[in-house]
Amino acid sequence: MAKIAYYPGCALNERSSHLDRSARDATVRLGFELDELDTWTCCGAVPPVSEERVMNLVAPSRILKDVRDSGRDILITICDFCYNTLKRTNFIIKSDEITRKRVNAFLADDTPERDYLEKDDSLWEDYAGEVNVIHLMEYLRDELGYEKITESLKRSLKGLKIAPYYGCVMLRPQNEIQLDNPENPSIIEDFITALDAKPVKYPYRTECCGSYLSVSSPDASTRLCYRILTSARNSGADAVVVSCPLCFYNLDSRQKAITEAYSDFKPVPIFYFTQLLSVALGVEYGRQGFEKHYVDVTPVLDKIGISTGKGGEE
Amino acid sequence: MKRIGVFVCHCGINIAETVDVKRVAEESMKMDGVAYAQDYIYMCSEPGQTLVREKIVEEKLDAIIIAACSPNLHESTFRAAAEEAGLNPWQCEIANIREQCSWVHSDREKATSKAIHIVATIVQKTRLNESLEPIPVSITKKALVIGGGIAGIQASLDIADSGYKVILVEKDSSIGGHMAQLSETFPTLDCSQCILTPKMVAAGKHPNIELMTYSEIEEVSGYVGNFKVKIRRKASFVDWSKCNGCGLCMEKCPAKVSSAFDRELATHGAIYVPFPQAVPNKPVIDKDSCIYFKTGKCRLCEKVCEIGAINFEQEDQFVEEEVGAIIVATGFETLPVADLAEYGAGDVPDLIDGLAFERLLSASGPTVGEVRRPSDGKVPKEIVFVQCAGSRDPERYKPYCSKICCMYTTKHALLYKHRVHDGQPYIFYIDIRTGGKGYEEFYHNAEEEENIIYLRGKVAKIFRDGDKTVVWGTDTLTGRNIEIAADLVVLATAVVPKDSTAELVKKLRIQTGPNGFLAEAHPKLRPVESINSGFFLAGAAQGPKDIPETVAQASGAACKVISLFSRDHLEQDPAVAWVDEDLCGSCRICISVCPYDAREYDEEKEIVIVNEALCEGCGSCVAACACGATQQRNLSDSQIKSMVTASLGGV
Amino acid sequence: MSENMGLAPPKNPPIRLTLEIVNTGFKQRVNELSGQNMDACYQCGNCSSGCPLAQEMDILPNRVIRLVQLGQNDDIINSETIWICASCFQCTVRCPKGIDIQAVMDALRQIAMDEGIDHFGPDQIDPELAASVPQPGLVGVYRKLAT
Ligand SMILES: Cc1cc2nc3c(=O)[nH]c(=O)nc-3n(C[C@H](O)[C@H](O)[C@H](O)COP(=O)(O)OP(=O)(O)OC[C@H]3O[C@@H](n4cnc5c(N)ncnc54)[C@H](O)[C@@H]3O)c2cc1C
Ligand code: SF4
Ligand code: SF4
Ligand code: SF4
Ligand code: SF4
């Protein structure tokens, strides 16, 4: 089975490990394996605020360099933040020669064989952006092909109306990310269609959920999430699907605060895209971590006759 | 009896909504003389006109009435259609049931009844209409261009190049106009002199162009194709036929006159040429400043002029010319700084207008292109440019946008930065208007690359404080007021018509609009013509314009003149006044009432006759004529009487 | 004119623009850090119109850029806006002049932090949240809002 280099990132490794599990389960059923890097660190979550903070590029660059050094040229992530950070780091490394040199100097500096290298620097090869950072969803669309998913479906999600939520960093800044049209994307809609469910269009799908402001200005995030979820709900969605653990957290957990603040609010279940994929490919429910969700997803799956209670492989 | 056809138009819903057009057609059928009546949705469209033509033939109609919009719009259209079907065009009349009926009423019943009355009135007129032939008028194929700015120069060159003669009259001693004062020109920054002077020279040398500079229009009479013009050639006190332009006289003249061309930033003698590249390059003596004329002593110029070209005895000369068309290209002026009270009323020394700044930037200007302020000659480190100074201010100054200042102000700031690299320009604006090819890009480049600070707000007050000029403005984008103690302030003053234009249009008997700019015949479809035939408009005299637009309009006006000259003769509407020679008692009252000078006493016949080519058919003389000798064709007394009766509901 | 010492300062004093203020280096510093040209902004306001966090800001994004253009560093460094911006890049993808406003916000945050103004310290976080929020939220907030 093909093995593709995989960077889980902190969230998927720990607090959202159930999402990581559903991704691994699903991809195996699609005929490839997410091959986690032997060693990795946090990517930094956001690219540095300016060229002067070049140190912040070192960690993500090291991750990318390790991939290259292991002879591979593709790296998959399933978290929008990691995707954005690694991809943009790669962009900077590729396009800005001075920064590239400075970053590589740091990389060489803390390499264990440094003394050895100083004697013979021909053994050192600067990391120059050789690795292609790919979002799992992008891999499914471009490399595997969504039709392959449809062919492999074990359970039909027919009858479900699902609102895609893009958030911000999966699509933006567009000139560096180039995953889809930032104003009118379709990658998640097409993914939903591939699962036999019906994508719901609503105006808030690319509006920010508050991102990390959830930590510093939780109320601001609550207000944004309320607008997004209400818009999805009013457009007829049974649930919302996301591709970023932070979006997931904001849209799901914040519903507690939203419910307290807005009397007209009706909760909306949130899925991670890997969960829906995994369910549709027939992976047992117990492995999805649905119990960790703040908003219960059972009624939605019940609606199309997939009762979570009677889980288990087909 | 005549067989009249009535065609009632719906004009979409414009008429049909308020007027019951079917009923109008039905009622028309009942009128005496009407042999056919029909309504149709768009009578002016091709199917509509076909209907009219077919029915003329089928129904053997002798005359037709189109009940539709104003005759101003489509009378000529339907007359042409009638002619095609074999009718004399003057057997086609328009009954205006749109502008004079459906558009101004809302009660359908009453409007319908009024429309029927209007048709009945026109039926009465039509019954007695004679068939007429247009009056042929010959054309003098020579053009007069008034104003020698870029507009006048371009129009003259275009007409002259097509083989017709042109007289170019310019009131200053040189042609060139304001463009000669400019440094470099937006949006491409070509040097103004470099693109203008070759054209000036070409106009000066062209065998078909007769330059009359230092000249003004004294009198104009006649009509399209046949104007008579009297031109005053002002005394220059220099015999230009002798003068070789050596310039000695100007060097020696002890008088000091501030230079209008240099916007008062420099002086010249009482004998001067406005600028070295002048065409013709001949001096004139400014009588008001000349020491000899004032005191009776001096005559230094005369002494130094070896060829004896100076002639203190010279007097204004008058020449008479005949021309077939006249282009008015008298350009613009800018609102005097002194008119702007809140901006110091002209008393702040380091506050100048845009044209003065052009002179400071110009390589041939008083500072040879170095930006130095008037008060002490220092290079200003901070300049504030104030846009819309007097423009877009309907309460106090001019209501309109002067159109060119946004662009030239950005140009000024940019050229200033090119001269004074460490200087800081600020521009106060209300909006930046850059609607021209390459203009927005020009502005973007200046804003992005030249460190020009654009401040969005109108300046309230400017005053002097020490050697600084303080500007109080605001920046609505930050919501904060702004104060700048500047070294120099440049006002983009409103573009206004030349003072002398008001007097000129009276002589020409053409119209101006509410702001004094020349009025075009139609703002969209006839922008280069005056309402009065034979007069054409070019350049900033018609409204604020930059050079590209000015040149385009000048070529447009020239083209109209050439098209006029390409005809053998002109056709004049024959529905004019005529005199029953037996009845005229020679009281001559008609001569005094005719606003177009179309009546004249015929010595031989001893009666007053009508010059048909001049008569506009206004009817004043008909009304004034006590003997009933004067009548108007197709508007005879009996026609009018029966029309009045019909309009009041009688038959 | 000297300021009266006994009176409270006026609420909305005029900006007294000078060559020095406009060219102090604040604008240049922002240009340098962000890699953007502040003078390219023609104040269309698109960045503010679409900013999801605009409702939380004291100074709208376009006005932040405007204040940089006029060298008004204090107004910006002391504003809430730079800390409320969620770096969502909405403005960046829409600016008709191609300005990366998000990068400008980053630059302004850095300038503020360089001046010792941190917006968010570890002591300010709700412990329950700290224990549950996915790491990108935590790492992001400290990277963006604190030194
Ligand atoms: C500060 C400033 C900067 C400018 N910069 C630019 C620029 O960079 N690019 C650009 O495209 N445009 C620019 N313009 C606009 C440009 O000057 C005009 O578009 C152009 O001069 C219009 O030409 P004109 O021939 O219609 O009028 P004018 O240049 O005004 O010429 C009219 C001529 O008619 C003569 N005249 C007037 N009355 C009479 C009369 N009664 N009898 C006989 N002669 C008469 C006048 O003496 C004059 O010679 C600028 C204008 C200003 C004020
Ligand atoms: S062109 Fe510009 S400066 Fe001039 S009046 Fe119009 S808006 Fe004002
Ligand atoms: S109809 Fe009018 S224009 Fe004609 S001659 Fe009589 S008064 Fe003059
Ligand atoms: S969108 Fe761009 S040009 Fe428009 S105001 Fe914002 S930064 Fe300026
Ligand atoms: S990046 Fe910041 S300023 Fe721009 S739209 Fe998002 S929150 Fe608003």
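Quick note on labels: first sequence line is chain A, next is B, and so on, each numbered from 1. These numbers come from the heavy atoms of this one structure, side chains and all, not from hydrogens, waters or symmetry mates.
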Salt bridge A:Asp20-A:Arg24, side-chain N to carboxylate O under 4.0 Å: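 Here A:Asp20 pairs with A:Arg24 in a salt bridge, since their nearest N and O are under 4.0 Å apart.
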A:Glu183 and C:Arg94 ion-paired at < 4.0 Å: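 A salt bridge links A:Glu183 with C:Arg94.
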Between [options], who has the most heavy-atom pairs with chain C when the cutoff is under 4.5 Å?
options                                : value
A:Gln174, A:Arg227, A:Arg53, A:Glu207  : A:Arg53
A:Gly210, A:Cys168, A:Pro182, A:Cys209 : A:Cys168
A:Gly44, A:Ser211, A:Ser16             : A:Gly44
A:Thr85, A:Val215, A:Val46             : A:Val215

Heavy-atom pairs under 4.5 Å with chain A - which of [options] has more of them than the others?
options                              : result
C:Val139, C:Val93, C:Val133, C:Leu33 : C:Val133
C:Glu56, C:Arg143, C:Arg109          : C:Arg143
C:Ala130, C:Ala103, C:Gly50          : C:Ala130
C:Ser87, C:Ser34, C:Ala131           : C:Ala131
C:Asp126, C:Leu129, C:Ile125         : C:Leu129

Check whether [X] gets within reach of chain C through its side chain, its backbone, both or neither, counting any heavy atom under 4.5 Å.
X        : answer
A:Asn250 : neither
A:Ser217 : side chain
A:Val169 : side chain
A:Leu246 : both

Parallel, tilted or perpendicular: rings of A:Trp40 and A:Tyr7 (30°, 60°): perpendicular
Heavy-atom cut-off 4.5 Å, strictly under: side chain, backbone, both or neither for [X] against chain A?
X        : value
C:Met57  : neither
C:Cys51  : neither
C:Gln124 : neither
C:Leu145 : side chain

Side-chain (C:Thr92) to main-chain (C:Gln102) donor-acceptor, under 3.5 angstrom: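 Yes, because the side chain of C:Thr92 sits within donor-acceptor range (under 3.5 Å) of the backbone of C:Gln102.
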Heavy-atom donor-acceptor pair, A:Gln255 side chain to A:Val268 backbone, under 3.5 Å: yes
Enclosure of C:Glu128 CD (heavy-atom neighbours >12, cutoff 6.0 Å): no
Heavy atoms of other groups near A:Lys292 NZ, more than 12 under 6.0 Å: yes
Verdict with supporting geometry, C:Asp100 and C:Gln36, side-chain hydrogen bond (donor to acceptor under 3.5 Å, both in side chains): CA-CA 7 Å; C:Asp100 183 349; C:Gln36 309 301 308; 4.5 Å; no
Heavy-atom pair of closest approach, residues A:Val297 and A:Ile270: CG1-O, 4.0 Å
Identified salt bridge (charged side-chain N to carboxylate O under 4.0 Å, His left out) counterpart of C:Asp39 within the set C:Lys27, C:Lys97, C:Arg66: C:Lys27
Pair A:Phe248 + A:His293: ring centers closer than 6.0 Å: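 Yes - the distance between ring centres of A:Phe248 and A:His293 falls below the 6.0 Å cut-off.
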